[in-house]
Peer 1: 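For reference, the structure I am asking about is given below.
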Amino acid sequence: MDEYIVKNVKDFRLDHVFDCGQCFRWEKQADGSYTGTAMDRVVNMQFVCGDRASEPETTGDLIIKNCTEEDFLQIWKPYLDLDRDYGEIKRTLTADDLVMGEAVACGQGIRILKQDLWETIVSFIISQNNNIPRIKGCIENLSQMFGLPAGEYAGRTYYSLPGPQKLASLTAEDLAPVRLGYRTRYLLETAKMVCEKGLPEDEVQLSALCGVGPKVANCILLFSMAKYDSFPIDVWMARVMSQLYGIDEGDHKGMCTYAQEHFGQLGGFAQQYLFYYIREKNR
DNA sequence: TCGCAGGTGGTCG
DNA sequence: CGACCACCTGCG
């Protein structure tokens with residue numbers, strides 16, 4: 001099997017990357033590695049920390065199994081955002097912000113994935129007013145029932161999400177076993193819209209989709225459209241912004257303004273560190 | 001049993 | 001335009 005090794009990756013940790021709320025399709029294995037699918041590929045990733053005691057556990061070699069060099073360069077390198085200097089981002093964010101220092105220390109290995117646009121739209125429409133195990137279940141059901149096989153790993157077949165055409169061809173009845181609840185209608189409407197008008201290219205087109213409000217739109221912008229100043233605010237972000245910065249939990253607008261003024265272009269990265277921090281604290 | 005979970009659309013005033 | 005509130009579903 002093809003295997004690709006990336007040496008000396010910095011500011012990286014798989015559990016931080018895959019457990020900071022941006023993706024739902026990576027599964028932790030017994031050996032600590034993660035298997036998952038994205039961009040119609042199935043791979044297994046393992047991160048081996050450097051053995052020198054001085055090295056932090058966020059520096060090491062990334063082993064990607066079921067991956068050619070070409071796939072790494074074309075798909076996984078951009079997907080994992082490996083060309084960006086997260087050390088620099090963390091230094092900037094924590095320079096004059098003590099509480100952010102605490103948050104960053106907690107999620108040192110976070111990276112913002114560059115995910116497929118359609119998959120991100122579907123995932124975050126499903127995510128609304130929902131809990132993570134159920135979100136994962138819905139996405140899994142949808143893929144297995146209506147998606148195409150993306151590949152195999154360790155004897156198991158993985159399926160990719162059905163595309164907009166496939167989804168638009170289905171009825172609410174077809175989708176009932178997926179257990180999407182009232183989000184079924186959102187997904188069908190959105191699939192039809194994308195078939196007619198194409199994938200959204202900016203925030204306005206994104207917000208025109210059914211089931212896409214400000215929070216979901218910001219997630220899509222941040223996780224698949226490279227708009228790194230996006231600052232999605234959900235219940236957890238409202239909590240952490242209230243706890244750390246004293247902004248009223250109901251004042252989402254005030255939080256947006258605060259993020260713009262204090263985090264600027266790095267708002268999305270700040271959001272990830274804060275989100276991971278508050279989730280860890282409540283684990 | 002009932003509240004709640006990574007919000008949004010619809011409906012009021 | 002801002003403040004409510006119903007909403008599928010499954011779990012504790």
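Please read all numbers here as calculations on a predicted model, not as lab measurements. Per chain, numbering begins at 1; letters A, B, ... match sequence-line order.
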Peer 1: Using atom NE2 of H252(A) as one end and atom P of dG2(C) as the other, report the distance to the nearest whole Å.
Peer 2: 14 Å
Peer 1: Sticking with atom C1', work out how far dA6(C) lies from dA5(B), rounded to a whole angstrom.
Peer 2: 15 Å
Peer 1: Give a yes or no on whether a salt bridge exists between R283(A) and E280(A), defined as a side-chain N under 4.0 angstrom from a carboxylate O.
Peer 2: yes
Peer 1: Using 30° and 60° as the class limits, which term best fits the ring planes of W26(A) and W76(A): parallel, tilted or perpendicular?
Peer 2: perpendicular
Peer 1: Check whether Y158(A) forms a cation-pi arrangement with R156(A) (NZ or CZ under 6.0 Å from the six-membered ring centre, at most 45° off the ring normal).
Peer 2: yes
Peer 1: Between the base of dC7(C) and the side chain of R185(A), is there a donor and acceptor pair under 3.5 angstrom?
Peer 2: no
Peer 1: Nearest whole angstrom, please: distance from the C1' of dG10(C) to the CZ of R183(A).
Peer 2: 11 Å
Peer 1: Find the distance between CG (D2(A)) and CG (N66(A)) and round it off to the nearest 0.5 Å.
Peer 2: 7.5 Å
Peer 1: Can a side-chain donor-acceptor contact be found between N44(A) and T35(A) if the only test is distance below 3.5 angstrom?
Peer 2: yes
Peer 1: Does Y182(A) form a side-chain hydrogen bond (donor to acceptor under 3.5 Å, both in side chains) with N129(A)? I'd like the steps, not just the answer.
Peer 2: CA-CA 11 Å; Y182(A) 61 84; N129(A) 193 27; 3.2 Å; yes
Peer 1: When rounded to the nearest Å, what value does the distance between P atoms of dC11(C) and dT8(B) take?
Peer 2: 24 Å
Peer 1: What contact category does P232(A) fall into here, base, sugar-phosphate, or nothing, at under 4.0 angstrom with non-hydrogen atoms?
Peer 2: nothing
Peer 1: Whole Å only: how far is the OH atom of Y182(A) from the C1' atom of dC7(C)?
Peer 2: 6 Å
Peer 1: Run the salt-bridge test on D83(A) and K114(A) with the 4.0 Å N-O cut-off and return the result as yes or no.
Peer 2: no
Peer 1: Counting any heavy atom closer than 4.0 Å, what does L175(A) reach on the DNA or RNA strands: base, sugar-phosphate only, or nothing?
Peer 2: nothing
Peer 1: Give none if dA5(B) has no partner; otherwise give the nucleotide forming a Watson-Crick or G-U wobble pair with it, both distances under 3.5 Å.
Peer 2: dT9(C)
Peer 1: Strictly by modelled atom types, are D251(A) and Y258(A) linked by a side-chain donor-acceptor pair under 3.5 Å?
Peer 2: no
Peer 1: Categorize G211(A) for me: base, sugar-phosphate, or nothing, with a 4.0 angstrom heavy-atom threshold over every strand shown.
Peer 2: sugar-phosphate
Peer 1: Find which nucleotide of DNA chain B each of C23(A) and S207(A) is nearest to by heavy atoms, and output the residue with the more 5' nucleotide.
Peer 2: C23(A)
Peer 1: Is the phosphate of dC4(B) approached by R134(A) (side-chain N or O, under 4.0 Å from OP1 or OP2)?
Peer 2: no
Peer 1: CG of L187(A) versus C1' of dC8(C): gap in Å, rounded?
Peer 2: 13 Å
Peer 1: Identify whether any heavy atom of I125(A) sits under 4.0 Å from a base atom; if not, whether one sits that close to sugar-phosphate; answer base, sugar-phosphate or nothing.
Peer 2: nothing
Peer 1: When you compare dG6(B) with dG2(C), how far apart are their C1' atoms, in angstrom units rounded to a whole number?
Peer 2: 23 Å
Peer 1: Starting from the C-alpha separation in whole Å, work towards a yes-or-no answer on side-chain hydrogen bond (donor to acceptor under 3.5 Å, both in side chains) for N130(A) and S127(A).
Peer 2: CA-CA 5 Å; N130(A) 212 340; S127(A) 80; over 6 Å; no
Peer 1: Within this structure, what is the CD1-to-C1' distance between I126(A) and dT8(B), rounded to whole angstrom?
Peer 2: 15 Å
Peer 1: Between dT9(C), dG6(B), dG7(B), which nucleotide has the shortest distance from any of its atoms to the side chain of I135(A)?
Peer 2: dG6(B)
Peer 1: Between the side-chain atoms of R179(A) and the base atoms of dT9(C), is any donor-acceptor pair under 3.5 Å?
Peer 2: no
Peer 1: Check the distance between dC4(B)'s P and W236(A)'s CH2 and give it to me in whole angstrom.
Peer 2: 13 Å
Peer 1: Need the pair for dT11(B). Rule: Watson-Crick or G-U wobble, both distances under 3.5 Å, any strand; none if unpaired.
Peer 2: dA3(C)
Peer 1: I need the residues from residues 269-283 of chain A with at least one non-hydrogen atom less than 4.0 Å from DNA chain B; give them sorted by number, or say none.
Peer 2: F275(A), R279(A)
Peer 1: I need the CG-C1' distance between N129(A) and dG10(C), as an integer number of Å.
Peer 2: 13 Å
Peer 1: How long is the line joining CZ of R239(A) and C1' of dG7(B), in whole Å?
Peer 2: 14 Å
Peer 1: Any N or O donor-acceptor pair linking the side chain of Y186(A) to the base of dG7(B) at under 3.5 Å?
Peer 2: no
Peer 1: Look at all strands and tell whether G181(A) reaches a base, only sugar-phosphate, or nothing, counting heavy atoms closer than 4.0 Å.
Peer 2: base
